Amino acid sequence: MKRKLLSGLLAVSMMCAALTGCGDSANAPSEDAGTTAQQETADGESAASAEDDVQEAVDYSNQEAYTVKIVCVGDATTESCEEVAKAASAITEEKFNTTIELVRLSYGSFYEEVNLMLSSGEKLDLFPNFVFSTITAANTGQILPIDDLLAEYGQDILAAVPEEEWLCLTVNGEIYGVPNDKDKAEGFGLAMRTDMLEATGYDVSTIQTEADLEGLFAAVKELYPDCYPLVSDNGQIGYSNVANDTLGGDFGYLENCLDDSDDMTVVDWYETDTYAELVQRRYDWAQKGYIMPDAATNTQNAYELMATGKGFSYFCNTKPGIENEWTRKVGVDITVIELVEPHRTSTTGMNTWYIAHNSEQPERAMQVLNEMRSNPELSNLLINGIEGEHYLVDEEAGVLTYPEGVDASNTTYSSVAWIWPNELISIPWEADGPDIWTQTKEFNESAKLSRAFGFMWDNSDVLNEITACNNVTAKYKDAMECGSLNPEEALPKMIQELKDAGVETIIAEKQSQLDAWAAEQ
């Protein structure tokens with residue numbers, strides 16, 4: 001590891017502090033800080049008293065031996081995970097007498113496999129939310145409250161994360177997760193193979209919304225009859241064509257949280273005209289061959305289908321560096337166009353790390369999590385793998401490149417920076433450029449805010465209804481959004497079954513909570 005470069009990156013990362021709203025700040029006060037960071041106030045002065053300016057670091061190296069099991073998402077071989085875990089353990093053993101066991105799971109199987117670990121009692125210490133809901137995981141006992149653990153072992157985290165962001169992870173007065181430092185805003189767009197796009201000669205500047213894509217898809221299908229213009233990702237083609245606010249998840253949205261109204265009406269998203277138009281359009285596209293016919297049952301990642309030429313495009317988030325991120329995934333140049341402007345809600349971009357309820361020693365998990373989020377060397381290892389095998393360091397440029405013969409298509413340890421606790425202290429890739437983390441900060445700060453920004457939903461009183469409604473959407477949602485079901489028949493059935501399952505009870509409870517929150521603003 002190149003410590004000189006990492007130290008330089010650390011200095012840059014500290015300049016990215018104090019993101020607005022529920023945004024995070026880049027932390028990591030020093031590479032070896034461990035648990036000695038000082039809270040900084042807005043004017044840059046220490047929030048601690050003068051006598052506390054220099055804290056004596058607690059020595060945890062003499063603890064009994066323990067292994068922290070980390071489960072994360074993203075493609076990697078078992079052998080590479082073991083290599084990375086061994087290198088990471090060299091850091092954590094010295095500080096905490098703790099070794100790391102690392103497991104990477106595929107995007108499609110992550111939720112099912114982690115749920116099985118949580119329900120079976122299998123050893124598990126740390127995992128990211130990915131497709132988990134903080135409020136549901138907390139209320140069902142899958143994850144632990146961490147207030148006391150943060151106070152004792154998470155000083156670097158506490159020094160970096162602003163108060164308003166903890167509010168986004170507080171359930172019934174207790175904190176249940178540590179927010180990642182990454183892009184906090186979210187836009188939606190379309191990732192396309194640049195070579196195919198240029199071959200069509202299509203003017204993408206005419207495309208402003210999802211509805212404008214049909215002409216492009218027709219041109220791609222004509223030129224590449226064996227390629228599907230739009231593919232799914234593990235059976236899903238999600239993404240909304242408006243900036244809606246899920247208001248903390250589950251059911252009941254603000255349909256368009258960025259319009260000029262002050263309307264705080266919570267609606268059943270699936271009963272809106274906007275959703276009906278979306279799924280009808282997808283069905284029509286499937287009938288024309290613009291969407292792969294087995295989209296709803298596809299078990300491949302979208303970028304794999306695009307890499308082999310079976311697919312032209314897939315919907316994606318938009319953020320600084322997104323084209324380069326997709327280029328690395330697919331292995332060919334990717335162009336991204338924006339369809340929904342960047343915006344922030346209380347849960348947008350809130351990737352989070354949890355301590356599992358079945359952690360045998362939660363305090364050891366917090367020690368490692370604090371180190372993961374604050375130590376550039378450990379962060380870079382977990383995000384990018386082993387130097388010389390998975391990447392090379394260009395110290396002069398301050399970026400990573402692939403070793404000869406290695407690229408995104410054949411690396412044995414894929415880099416998924418945003419899912420880890422702090423990408424902003426890792427070394428950026430050459431394709432992203434050395435300024436990518438500064439651009440990310442600016443992206444977060446410039447995004448529009450939902451008019452319900454700051455509201456957090458407590459679903460504890462309607463968990464039974466949520467479970468019943470989730471069972472309904474599991475039957476219809478992905479299949480309709482993939483164009484596999486005729487919405488004229490399926491959508492009315494789903495809407496009625498949701499009503500029967502109690503969606504109106506959920507929405508009424510969420511409306512009540514939102515109204516109470518709005519009255520206090």
Side-chain angles (χ1 to χ4, degrees), residues 75 106-108 188-241 276-318 322-340 407-410 476-491:
D75 299 325
S106 71
Y107 299 95
F188 298 125
L190 187 75
M192 306 165 286
R193 284 188 56 135
T194 304
D195 55 349
M196 293 183 178
L197 174 63
E198 292 179 345
T200 66
Y202 200 88
D203 181 8
V204 294
S205 68
T206 63
I207 299 174
Q208 304 297 321
T209 68
E210 180 180 310
D212 298 330
L213 292 172
E214 183 154 348
L216 172 61
F217 288 166
V220 171
K221 191 64 179 177
E222 181 178 359
L223 194 60
Y224 298 97
D226 296 328
C227 172
Y228 296 109
L230 181 64
V231 295
S232 67
D233 187 274
N234 288 290
Q236 296 182 324
I237 306 180
Y239 299 95
S240 167
N241 53 347
E277 291 168 3
L278 184 149
V279 292
Q280 185 62 54
R281 179 166 53 249
R282 302 273 180 88
Y283 180 72
D284 293 342
W285 284 351
Q287 299 307 298
K288 296 175 181 177
Y290 300 159
I291 298 178
M292 56 194 302
D294 57 345
T297 57
N298 165 47
T299 58
Q300 284 187 279
N301 296 322
Y303 62 81
E304 293 173 340
L305 294 166
M306 292 166 68
T308 59
K310 294 179 181 178
F312 164 69
S313 72
Y314 180 70
F315 292 116
C316 66
N317 289 344
T318 58
I322 189 63
E323 289 186 333
N324 296 321
E325 181 179 307
W326 271 83
T327 294
R328 287 198 302 271
K329 288 179 179 179
V330 179
V332 299
D333 287 344
I334 296 296
T335 298
V336 173
I337 56 173
E338 185 177 275
L339 302 174
V340 177
D407 58 29
S409 68
N410 62 18
Y476 298 104
K477 178 180 179 292
D478 288 343
M480 274 199 297
E481 292 176 6
C482 286
S484 301
L485 288 178
N486 185 344
E488 291 185 359
E489 301 171 0
L491 184 56

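Model, not experiment: these values are computed from the prediction. Worth knowing before you read on, the calculation uses all heavy atoms, side chains too, and leaves out hydrogens, waters and symmetry mates. Counting begins at 1 with the first residue of the sequence.
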Trainee: Between Gln236 and Asp478, is there a donor-acceptor pair closer than 3.5 Å when you use the side chain of the first and the backbone of the second?
Mentor: no
Trainee: Given the rule in the side-chain contact (heavy atoms from CB on, under 4.5 Å) test, do Leu197 and Phe312 qualify, once you have shown the distances and angles that lead to the verdict?
Mentor: CA-CA 8 Å; Leu197 174 63; Phe312 164 69; 4.1 Å; yes
Trainee: Centre of Trp326's six-membered ring, under 6.0 Å away, within 45 degrees of the axis: is that where NZ or CZ of Lys329 sits?
Mentor: yes
Trainee: With rounding to the nearest 0.5 angstrom, report the CG to CG distance, Leu491 to Leu278.
Mentor: 10.5 Å
Trainee: Starting at CG of Asn301, measure out to OH of Tyr107 and round the result to the nearest 0.5 Å.
Mentor: 7.0 Å
Trainee: Minimum heavy-atom separation for Phe315 to Gly238, with atom names?
Mentor: CD1-O, 4.1 Å
Trainee: Evaluate the side-chain proximity of Trp285 to Phe217: yes if any heavy-atom separation is below 4.5 Å, no if none is.
Mentor: yes
Trainee: Do the non-hydrogen side-chain atoms of Lys288 and Lys221 ever get within less than 4.5 Å of each other?
Mentor: no
Trainee: A side-chain contact here means heavy atoms from C-beta on lying under 4.5 Å apart; do Ile207 and Leu213 qualify?
Mentor: yes
Trainee: Main chain of Ala302, side chain of Asp233: is a donor-acceptor contact present, judged purely on distance under 3.5 Å?
Mentor: yes
Trainee: Just wondering, do Glu210 and Phe188 contact through their side chains at under 4.5 Å, heavy atoms?
Mentor: no
Trainee: To the nearest 0.5 Å, what is the distance between CE (Met306) and OG1 (Thr308)?
Mentor: 10.0 Å
Trainee: Working to the nearest 0.5 angstrom, can you tell me the gap between Tyr228 OH and Asn298 CG?
Mentor: 11.0 Å
Trainee: Side-chain contact test, heavy atoms from C-beta onward, threshold under 4.5 Å: evaluate it for Val204 versus Thr335 and give yes or no.
Mentor: no
Trainee: Between CZ of Arg282 and CD of Gln287, what distance do you get to the nearest 0.5 Å?
Mentor: 14.5 Å
Trainee: Under 3.5 Å, is there a donor-acceptor pair between the side chain of Arg193 and the main chain of Val332?
Mentor: no
Trainee: Judged by atom type as modelled, is there a donor-acceptor pair below 3.5 Å linking the side chain of Asn324 to the main-chain atoms of Thr327?
Mentor: no
Trainee: How about Asn486 and Tyr283: do any of their side-chain heavy atoms sit closer than 4.5 Å?
Mentor: yes
Trainee: How many angstroms lie between CG in Leu216 and CD1 in Ile337, if you round to the nearest 0.5 Å?
Mentor: 7.0 Å
Trainee: Looking at Glu488, I'd like to know if its CD atom is crowded, meaning that more than 12 non-hydrogen atoms belonging to other residues, nucleotides or ligands lie closer than 6.0 Å.
Mentor: no
Trainee: Evaluate the side-chain proximity of Tyr239 to Tyr314: yes if any heavy-atom separation is below 4.5 Å, no if none is.
Mentor: yes
Trainee: Is the closest basic N to carboxylate O distance between Arg281 and Glu277 below 4.0 Å?
Mentor: no
Trainee: Please check if the side chain of Thr194 supplies one atom and the backbone of Asp333 the other of a donor-acceptor pair under 3.5 Å.
Mentor: yes
Trainee: Glu481 and Val279: side-chain contact (heavy atoms from CB on, under 4.5 Å), yes or no, with the steps?
Mentor: CA-CA 5 Å; Glu481 292 176 6; Val279 292; 4.1 Å; yes
Trainee: Would the distance check show the side chain of Ser232 and the main-chain N or O of Ile237 forming a donor-acceptor pair, the cut-off being under 3.5 Å?
Mentor: no
Trainee: Could you pull out the closest heavy-atom pair between Val330 and Ile334, with the gap in Å?
Mentor: CG2-CD1, 3.9 Å
Trainee: Write down the atom of Pro487, the atom of Gln280, and the distance for their closest heavy-atom approach.
Mentor: CG-OE1, 3.3 Å
Trainee: Can you give me the closest heavy-atom contact between Asp212 and Thr206, atom names plus distance?
Mentor: OD2-O, 3.9 Å
Trainee: What is the minimum heavy-atom distance between Ala296 and Ser484, and which atoms define it?
Mentor: CB-OG, 3.5 Å
Trainee: Does the side chain of Gln300 reach to within under 4.5 Å of the side chain of Val231, using non-hydrogen atoms?
Mentor: no
Trainee: Locate the shortest heavy-atom distance separating Cys316 from Val336; write the atom from each residue and the value.
Mentor: SG-CG1, 3.9 Å
Trainee: Using modelled atom types only, decide if a donor and an acceptor are shared between the side chain of Ser313 and the backbone of Pro229 within a distance under 3.5 Å.
Mentor: yes
Trainee: Are there more than 12 heavy atoms of other residues, nucleotides or ligands under 6.0 Å from atom NZ of Lys310?
Mentor: no
